[in-house]
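All figures in this text were calculated on a predicted structure; none of them were measured in a lab. Index from 1, following the sequence. Counting convention: from 1, in listed order, for ligands and their atoms alike. These values consider heavy atoms only, across backbone and side chains, with no hydrogens, waters or symmetry-generated copies.
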Amino acid sequence: MLELSDVNAFYGQSQILHDITLSVGQGRRVAVMGRNGAGKTTLLKSIMNAGPRVEGHMAFRSEALTGQAPNERARLGLALVPEDRRIFGHLTTYENLKIAQYGAARGRENVDVDGLLERFPLLGPLRDRRGSMMSGGQQQMLAVARGVAARPYLMLLDEPTEGLAPTIVEQLAEQVVSCCEEYGIALLLAEQSIWFSRQRTDHAVVIDTGRIAFEGNWTEFDRSLEKIQRHLAF
Ligand SMILES: Nc1ncnc2c1ncn2[C@@H]1O[C@H](COP(=O)(O)OP(=O)(O)OP(=O)(O)O)[C@@H](O)[C@H]1O
Ligand SMILES: [Mg+2]
């Protein structure tokens with residue numbers, strides 16, 4: 001469904017990603033891991049065309065991704081839940097979710113916002129609270145729910161667990177998977193937490209200084225752990 005082949009990405013003169021080749025099949029869940037500055041966010045932004053300059057071949061649902069703006073990519077069925085959340089502070093939880101539907105994937109049935117809120121029990125009571133009146137963790141959860149509300153074919157989720165309490169991380173992991181299954185969403189997850197990644201994905205990719213250092217399923221990951229560890233160590 002998503003195919004990247006020999007993708008290079010640049011900020012100005014500096015090349016951040018080198019020869020990235022990877023694919024995400026329909027309904028699959030793939031984790032991209034790597035230490036700080038490895039290029040995880042750059043990869044997700046490259047797919048969305050939200051920052052870096054990109055060279056190489058990318059295709060999504062059999063359509064070449066060339067110059068499409070981020071909003072056009074959203075219409076094709078891509079959604080990015082960015083590191084910095086970008087919740088609308090002056091809108092309520094409900095309104096933030098509702099508005100996400102306007103940019104949603106073309107030709108897909110809308111997600112029912114009330115039904116979606118039931119899947120995130122911590123968000124339900126915050127239905128009418130403005131984004132600016134929520135804690136960082138609550139905003140984070142809302143950002144994830146908003147990604148789902150767009151009902152993409154593929155959700156690009158950038159470090160959803162950062163700064164969350166461990167019990168909430170566990171809940172969020174379950175909610176992400178159940179939403180992906182219920183609404184038919186594939187997942188490309190950028191995550192430092194191997195634990196979170198392992199629980200919720202079937203495929204692992206490790207990047208180190210912008211290059212793919214490992215790719216495989218979790219059994220292969222465990223088998224190569226010694227080799228992989230130095231790419232993940234801080
Ligand atoms: N806007 C930018 N302009 C120039 N360089 C950038 C920009 N954003 C990121 N970089 C550089 O690109 C490299 C990869 O950064 P990126 O944010 O993709 O890493 P990351 O794996 O997401 O790290 P983290 O785990 O800290 O979020 C880093 O060296 C970073 O300094
Ligand atoms: Mg990042």
Side-chain angles (χ1 to χ4, degrees), residues 2 4-24 29-58 60 65 67 69-71 73-74 78-87 136-137 139-144 146-147 152 154-166 168-169 172-173 176 186-201 203-216 221 224-225 227-234:
L2 176 75
L4 269 57
S5 111
D6 290 323
V7 166
N8 297 303
F10 305 80
Y11 281 116
Q13 293 300 309
S14 46
Q15 181 165 3
I16 310 294
L17 298 181
H18 303 261
D19 306 322
I20 301 285
T21 295
L22 72 88
S23 60
V24 182
R29 292 192 290 273
V30 176
V32 177
M33 292 165 290
R35 58 170 88 97
N36 291 115
K40 304 181 294 296
T41 298
T42 305
L43 175 62
L44 300 193
K45 285 187 174 170
S46 296
I47 296 165
M48 206 63 197
N49 193 16
R53 180 170 58 82
V54 180
E55 289 174 359
H57 180 71
M58 299 199 283
F60 183 60
L65 295 177
N71 64 312
R73 294 187 190 204
L78 287 165
L80 171 64
V81 179
E83 253 174 335
D84 57 1
R85 315 302 158 213
R86 310 256 177 121
I87 290 301
Q139 290 187 17
Q140 213 153 314
M141 240 171 295
L142 175 54
V144 173
R146 194 175 59 173
L154 174 64
M155 181 158 70
L156 310 167
L157 193 51
D158 201 350
E159 300 215 36
T161 67
E162 215 182 0
L164 291 182
I168 297 188
V169 168
L172 187 64
V176 165
L187 186 67
L188 186 58
L189 170 75
E191 186 49 72
Q192 296 231 9
S193 160
I194 295 177
W195 181 84
F196 185 94
S197 301
R198 178 193 296 276
Q199 301 291 309
R200 308 304 159 190
T201 59
H203 203 79
V205 174
V206 175
I207 50 178
D208 191 355
T209 50
R211 290 184 165 82
I212 292 189
F214 169 84
E215 196 194 341
F221 182 94
S224 326
L225 194 59
K227 174 180 160 255
I228 292 168
Q229 236 152 9
R230 71 190 160 92
H231 298 292
L232 292 169
F234 294 95

Would you find a donor on one side and an acceptor on the other, under 3.5 Å apart, between the side chain of [X] and the backbone of [Y]?
X	Y	answer
Ser224	Lys227	no
Arg85	Glu83	yes
Arg73	Ile47	yes
Lys40	Arg35	yes
Gln140	Glu162	yes

request  = Decide, counting backbone as well as side-chain atoms, whether Asn36 has an N, O or S atom less than 2.8 Å from the Mg ion (ligand 2).
outcome  =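 No, since none of the N, O or S atoms of Asn36 sits under 2.8 Å from the Mg ion (ligand 2).
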query = Any non-hydrogen atom of Gly34 lying under 4.0 Å from ligand 1?
reply =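 Gly34 does not count as a contact of ligand 1 under the 4.0 Å cut-off.
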inquiry  = Less than 4.0 Å is my threshold; does some heavy atom of Lys45 fall inside it relative to ligand 1?
reply    =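 No, Lys45 has no heavy atoms under 4.0 Å from ligand 1.
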task = Look only at interatomic distance and state if Ile16 has a nitrogen or oxygen under 3.5 Å from any nitrogen or oxygen of ligand 1.
result =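 In this structure, Ile16 places no N or O atom under 3.5 Å from an N or O of ligand 1.
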message = Which atom name would you report as the N, O or S atom of Glu83 nearest the Mg ion (ligand 2)?
response =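 Result: OE2.
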task = Identify the two heavy atoms, one from Ala173 and one from Arg200, that lie closest to each other, and give their separation to 0.1 Å.
result =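 Here Ala173 and Arg200 meet closest at CB-NE, 3.0 Å.
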Atoms of ligand 1, numbered as shown, that sit under 4.0 Å from any heavy atom of [X]:
X	answer
Gln192	25 (O)
Asn36	23 (O), 24 (P), 25 (O), 26 (O)
Tyr11	1 (N), 2 (C), 3 (N), 4 (C), 5 (N), 6 (C), 7 (C), 8 (N), 9 (C), 10 (N)

query = Do protein heavy atoms approach atom 18 (O) of ligand 1 to less than 4.0 Å?
reply =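 So far as the 4.0 Å threshold goes, atom 18 (O) of ligand 1 is in reach of a protein heavy atom.
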message = Does the protein place a non-hydrogen atom closer than 4.0 angstrom to atom 30 (C) of ligand 1?
response =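 Within 4.0 Å of atom 30 (C) of ligand 1, no protein heavy atoms are found.
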query = To which of Ile207, Thr42, Val32 does the heavy atom nearest atom 15 (O) of ligand 1 belong?
reply =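 When every heavy atom of Ile207, Thr42, Val32 is considered, Thr42 comes closest to atom 15 (O) of ligand 1.
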Test applied, side chain to side chain contact (heavy atoms under 4.5 Å, CB included); reference residue, Val7; option that passes from Ile20, Leu43, Leu22 =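 Of Ile20, Leu43, Leu22, side chain to side chain contact (heavy atoms under 4.5 Å, CB included) with Val7 is met by Ile20 alone.
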